[in-house]
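In what follows, a single structure is set out as structure tokens and then discussed.
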Amino acid sequence: MTDHPDRTAAGRNFIRAIIAADVEAGKHGGAVVTRFPPEPNGFLHIGHAKAICLSFGAAAEHGGVTHLRFDDTNPETENELYVRSIQEDVRWLGFDWGDHLYFASDYFERLYEYAVELIEAGLAYVDSASEEEIREYRGTVTEPGRPTAYRERSVAENLDLFRRMREGDFEDGAHVLRAKIDLASSNMLMRDPVLYRIRHADHYRTGGDWCIYPLYDFTHCLSDSIEGITHSLCTLEFDNNRELYDWILDHLEVPQPQPRQYEFARLNVEYTLLSKRNLLRLVEEERVEGWDDPRMPTVAGMRRRGIPASALRAFCDMIGVAKTENRVDFAKLEYAIRDELNPIAPRVMCVLRPLKLVVDNFPEGKLEELEAPYFPEDVGKEGSRLVPFTRELLIERDDFEEDPPKGFRRLVPGGEVRLRYGYVVRCADVVKDENGVVTEVHCTYDPETKGGSTPDGRKVKGTIHWVSASHSLPTEVRLYDRLFSVPDPEKGGDAEDFTVHLNPDSLTVLTDSRIEPSIKADPADTTYQFERTGYFVHDGVDSRPDHLVFNRTVTLRDSWAKARKAAEVGAAGREAAENGAEEARPSKTAREPTGGKGSVGVRVRDHR
RNA sequence: UGGCCCGUCGUCUAAUGGCAGGACACCGGUCUUUGGCACCGGCGGUGAUGGUUCGAAUCCAUCCGGGCCAACCA
């Protein structure tokens, strides 16, 4: 899995430096045990991928192990479906927890005993104040908290009450167990944090065994301790929790040395959001088709989109680990994807928005099979397929211009262009409908240029992709763009609903695309490069032999589109209206018009 | 507002008192039967002000800016 050799270089980030120093110093006997502790209440996303790469990577670097532990202490939000998807996703990412699969819910009995120990030491008490009261008595960041009426209960009374809480003698919310620490602490988390609450709810694993459930701060440090974790890595927002993490372990009889918590900055990516709460909203409100919608930043979504696990790992390597708040450029992810796919994705030809091209001097009914390599020279991989060449072909609508802009290197009236792996053709004539829309391009081909070479040495500047009109396969193609139209959709906080920033153009469905027939013989999970357009993969959910569906993983870099865009700056949004014709809304199934008429002038939206 | 954390090219990230480096992006070029890939070159940064030091991104102080914390969520 070390596809990047320098990954093992010591001290590549501050956490790995700490771990390396600890190993060097012989702490924990030189052992490294980390853990990845997801709560099974949602799907894993790219932010988790960063945490997974860090925790698994840092341990593996020293021959250590990483535990997968479900932090399942909240029966109301967690379930089995999430447990399964999380395991599948971690495995798919390429990491192995071996035998070390754990559940915090398996520790409930031991946790209960630890709580009793705390009570016996006079360090925890049962508080019978209401939730509102406790909140009010906690004070604010500028005012200290005050004790409720129950803070000085005797150990015996606390023990009895806590036992009866477990027995089910009380209603939800009647009592809680609190640590007795410091109500005046400047760290709000130290103001007698709640350790246990009563919740008469069935847990997806323990069923009705318990009606009291431990909270995060109590559960997490002790779970780490129980499992012999050495380095407990989490994100920055748990910084304030560390003091409590240490306090609990310091005041209980636990194995030494204790695990230490280290925090790093969570990942943010431009034009997306990574909070599980809001991702869940997108799913529940059907703004997307589900957790695995290819537009989602979830591991499942990215997998369906065609992003290889190796690209995600490479991306995590590239972004590093630090404590600085960050928002990573979307282009960095795209780079990682292209960089992984370029050497492994076989090239095939698919025409996204077809325009008929008739080769006038090619015999009607004649079929010529042309050999086309799957990889360009520089990739250096063997393999080729035959592509059928016929009198009637289909080319990309964008590849013909009657009135070409400066620098246009494709087909124009009277001009020559090379059909990839085929012949050089010259445009002789154009057929238009009553609206002046081009419906057919007529060409003549030069038989001497078979395969694309020019024996006479003349330069043909443009090469375009094509398919046979009669032998190509119809396919649906789904083009994805960023889910949000602003770099930080959650910026407004709760004051603003992030859904207003959803990009209405995040999905474009093309229904009359045509692909070369060779792909019929390939495994369904093949990731292709459609020449000149991008990387595509069969949609794992909707694609069938009789109804092909391809997802665009990422576009190819397109310096022509970039140049065009730059040229148009200042020319105002003159094409806004035309673009509007092909947009589909998220989760809706609007289709691009299938006739030539409506789709003329439509440009492939650039991914940027 | 009290506490804690964090400020380095546009973005991400190195430099642990000793030449501010890399990646992505961007710009220019070479190559090219993908306007892809590759290669070459360029642009561009230590939030501010003081102080300590032969020497400060690094240590200290103040200020400015950003983030987290007042769930019986994690």
Side-chain angles (χ1 to χ4, degrees), chain A residues 11-14 17 37-39 41 71-74 76-77 127 130-131 134-136 138-145 172-173 175-178 185-191 193-199 212-213 215-217 219-220 234-243 263 265 267 270 276-277 317-336 338-339 342-343 347 349 376-379 407-410 418-422 424 449 451-454 460-465 529-534 555-564 608:
Chain A
R12 272 227 312 140
N13 63 55
F14 78 99
E39 183 188 11
N41 68 346
D71 206 343
D72 53 355
T73 58
N74 186 353
E76 287 162 328
T77 58
D127 197 333
S130 70
E131 195 173 340
I134 289 176
R135 189 180 312 128
E136 190 190 328
R138 186 152 31 225
T140 69
V141 290
T142 51
E143 307 156 28
D172 285 7
H175 310 280
V176 291
L177 182 72
R178 289 227 261 171
S185 174
S186 54
N187 181 352
M188 298 297 292
L189 282 164
M190 297 299 277
R191 321 249 266 223
V194 175
L195 269 23
Y196 268 90
R197 83 291 210 181
I198 301 171
R199 200 94 326 158
I212 57 172
Y213 291 92
L215 271 75
Y216 168 82
D217 286 299
T219 309
H220 197 81
C234 64
T235 47
L236 244 29
E237 60 267 34
F238 291 96
D239 189 345
N240 294 319
N241 299 63
R242 190 180 61 249
E243 189 178 357
E263 310 87 23
L267 170 66
E270 281 184 340
K276 271 207 261 183
R277 185 172 125 254
D317 264 4
M318 276 193 281
I319 59 175
V321 177
K323 297 188 79 163
T324 319
E325 279 286 317
N326 63 79
R327 182 164 301 274
V328 176
D329 196 331
F330 206 85
K332 203 147 196 160
L333 214 208
E334 295 188 325
Y335 173 84
R338 294 187 188 115
D339 197 43
N342 175 50
R347 273 62 170 172
M349 294 194 286
E377 198 81 11
D378 52 85
V379 169
F408 190 77
R409 303 214 307 245
R410 306 171 187 185
R418 176 185 296 104
L419 297 177
R420 181 84 159 146
Y421 312 123
V424 172
T449 59
S453 61
T454 48
V460 177
K461 49 187 187 326
T463 301
I464 65 175
H465 60 282
Q529 182 190 110
F530 288 179
E531 295 231 24
R532 302 208 308 133
T533 57
T555 62
L556 246 31
R557 272 188 70 217
D558 188 347
S559 54
W560 169 243
K562 197 189 301 175
R564 290 297 299 148
R608 292 284 52 234

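Below, read A as the first sequence line, B as the second, and so on, with proteins coming before strands; counting in each chain starts at 1.
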How is [X] classified with respect to the nucleic acid when contacts are heavy atoms under 4.0 Å: base, sugar-phosphate, or nothing?
X	result
Glu39(A)	sugar-phosphate
Tyr421(A)	base
Val321(A)	sugar-phosphate
Gly407(A)	base
Phe408(A)	base

Interatomic distance where [atom1] belongs to [X] and [atom2] belongs to [N] [whole Å]:
X	N	atom1	atom2	result
Arg191(A)	rG2(B)	CZ	P	13 Å
Phe530(A)	rU34(B)	CZ	P	19 Å
Glu143(A)	rG3(B)	CD	C1'	15 Å
Asn326(A)	rC68(B)	CG	P	13 Å
Arg12(A)	rC12(B)	CZ	P	17 Å
Glu334(A)	rA25(B)	CD	C1'	11 Å
Asp329(A)	rC9(B)	CG	P	14 Å
Asp317(A)	rC24(B)	CG	C1'	14 Å

- request: Compare the aromatic ring of Trp560(A) with the six-membered base ring of rG35(B) and state whether they stack according to the 5.5 Å and 30° rule.
  value: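 Whether judged by distance or by angle, Trp560(A) passes, so it stacks on the base of rG35(B).
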- request: Could you go through the side chain to side chain donor-acceptor pair (under 3.5 Å) check for Glu39(A) and Thr73(A) one step at a time?
  value: CA-CA 8 Å; Glu39(A) 183 188 11; Thr73(A) 58; 5.9 Å; no
query: Do Asp71(A) and His220(A) have side-chain atoms, one donor and one acceptor, less than 3.5 Å apart?
result: yes
- request: Check whether any side-chain heavy atom of Val328(A) sits under 4.5 Å from a side-chain heavy atom of Leu333(A), and report yes or no.
  value: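 No; the side chains remain at least 4.5 Å from each other.
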query: How about Phe14(A) and Val321(A): do any of their side-chain heavy atoms sit closer than 4.5 Å?
result: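 SC-SC contact between Phe14(A) and Val321(A) confirmed.
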- request: Output, in order, the C-alpha distance, side-chain angles, deciding distance and verdict of side chain to side chain donor-acceptor pair (under 3.5 Å) for Tyr421(A) and Glu531(A).
  value: CA-CA 11 Å; Tyr421(A) 312 123; Glu531(A) 295 231 24; 2.3 Å; yes
message: For rA74(B), does the base pair up with any side-chain atom of Lys276(A) as donor and acceptor (N or O, under 3.5 Å, distance only)?
response: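 Donor-acceptor pair under 3.5 Å: no.
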Partners passing side-chain contact (heavy atoms from CB on, under 4.5 Å) against [X] (at least two apart in sequence or in another chain):
X	result
Pro38(A)	Phe36(A), Leu44(A), Leu68(A), Phe70(A), Ile86(A)
Tyr335(A)	Met318(A), Asp339(A)
Asn240(A)	Asn187(A), Leu189(A)
Thr533(A)	Leu352(A), Glu396(A), His465(A), Phe530(A), Phe536(A)

field: side chain to side chain donor-acceptor pair (under 3.5 Å) partners of Arg197(A), counting only residues at least two apart
entry: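 Side chain to side chain donor-acceptor pair (under 3.5 Å) list for Arg197(A), sorted by chain: empty.
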message: Could you work out, with side chain to side chain donor-acceptor pair (under 3.5 Å) as the rule, every residue matching Glu237(A), not counting sequence neighbours?
response: Thr235(A)
Distances under 3.5 Å between protein N/O atoms and the N/O atoms of nucleotides 5-7 of chain B, please, pair by pair.
residue, atom, partner, partner atom, Å
rC5(B), O4', Asp239(A), OD2, 3.1

statement: Applying the Watson-Crick and G-U criteria (both distances under 3.5 angstrom) with [ ] for crossing and | for other-strand pairs, one obtains for RNA chain B .((((((..((((....[..)))).(((((.......)))))....(((((..]....))))))))))).....
Sidechain N-carboxylate O distance under 4.0 Å for Arg12(A), Asp317(A): yes
task: Rounded to whole angstrom, note down the P distance from rA20(B) over to rC24(B).
output: 23 Å
field: Given rA74(B), rC26(B), rC12(B), the nucleotide with the shortest approach to the side chain of Asn241(A)
entry: rA74(B)
- prompt: Considering heavy-atom distances to RNA chain B, does Arg327(A) or Ser453(A) have its closest nucleotide positioned more toward the 5' end?
  reply: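 Per heavy-atom nearest nucleotide, the more 5' residue is Arg327(A).
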- prompt: Start at the 5' end of RNA chain B and walk down; is the nucleotide closest to Val328(A) or to Thr533(A) reached first?
  reply: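 This one resolves to Val328(A).
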- line: Sequence neighbours excluded, the answer for salt bridge (Lys or Arg N to Asp or Glu O under 4.0 Å) partners of Arg409(A) is none
Show each protein N/O and nucleotides 69-72 of chain B N/O combination with a separation under 3.5 Å, one pair to a line.
residue, atom, partner, partner atom, Å
rC69(B), O4', Asn240(A), ND2, 3.2
rA71(B), OP2, Arg135(A), NE, 3.2
rC72(B), OP1, Arg138(A), NH2, 3.3
rC72(B), OP2, Arg138(A), NH2, 3.2
rC72(B), O2, Arg199(A), NH2, 3.1
rC72(B), N4, Glu131(A), N, 3.1
rC72(B), N4, Gly173(A), O, 3.4

N/O to N/O distances under 3.5 Å, protein versus nucleotides 58-63 of chain B:
none

message: Quick check on rA71(B): syn or anti? Syn means the glycosidic torsion is within 90 degrees of zero.
response: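 Classified syn.
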message: Output one letter per nucleotide in nucleotides 36-45 of chain B: B when a protein non-hydrogen atom lies under 4.0 Å from the base, S when only the sugar-phosphate is that close, - when neither is.
response: BB--------
